[in-house]
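Report on the following structure.
Computed from a predicted model, the values in this text were never measured in an experiment.
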Amino acid sequence: MGASDKALGGSMLLAAVVVFTYYTTWALLLPFFDSSSQIHNFFPPREWAVMLPAFVLVLGLSAIGLERKDCERRKGCYLAIRPM
């Protein structure tokens with residue numbers, strides 16, 4: 001494994017930790033702060049804490065479904081999950 005692979009992996013891990021910390025603070029810890037606190041200025045409205053992950057989930061599942069259908073159409077390949 002080259003040094004560039006380690007650097008890429010480290011940067012991806014750092015990005016994941018930053019996103020996780022930001023989202024956790026936004027969704028779980030922000031309600032415990034007073035609404036007049038300055039920390040609320042760093043985050044979007046709380047409704048987006050639910051809508052954004054839901055949108056990403058729908059988008060991801062749609063991409064998986066489209067890829068599966070495209071694979072079946074082009075190659076005739078089927079995934080391991082088949083109805084009995």
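The closest donor-acceptor contact from the side chain of Trp26 to the backbone of Pro44 lies under 3.5 Å. A distance-only check finds a donor-acceptor pair linking the side chain of Ser11 to the backbone of Leu8 [under 3.5 Å]. Judged by distance alone, with hydrogens and angles left aside, the side-chain atoms of His40 form a donor-acceptor pair with the main-chain N or O of Asp34 at under 3.5 Å. In this structure, Tyr23 contributes its side chain and Pro53 its backbone to no donor-acceptor pair below 3.5 Å.
Considering CZ of Phe55 and CG of Leu52, their distance stands at 8.5 Å, rounded to 0.5 Å. For the atom pair Thr25 OG1 and Leu30 CG, the distance stands at 8.5 Å (nearest 0.5 Å).
Val19 and Met12 fall into different hydrophobic clusters, where Ile, Leu, Val, Met, Phe, Trp and Tyr side chains are chained together by heavy-atom contacts under 4.5 Å.
Annotation: Phe43 is in aromatic contact with Tyr22 [ring centroid separation under 6.0 Å].
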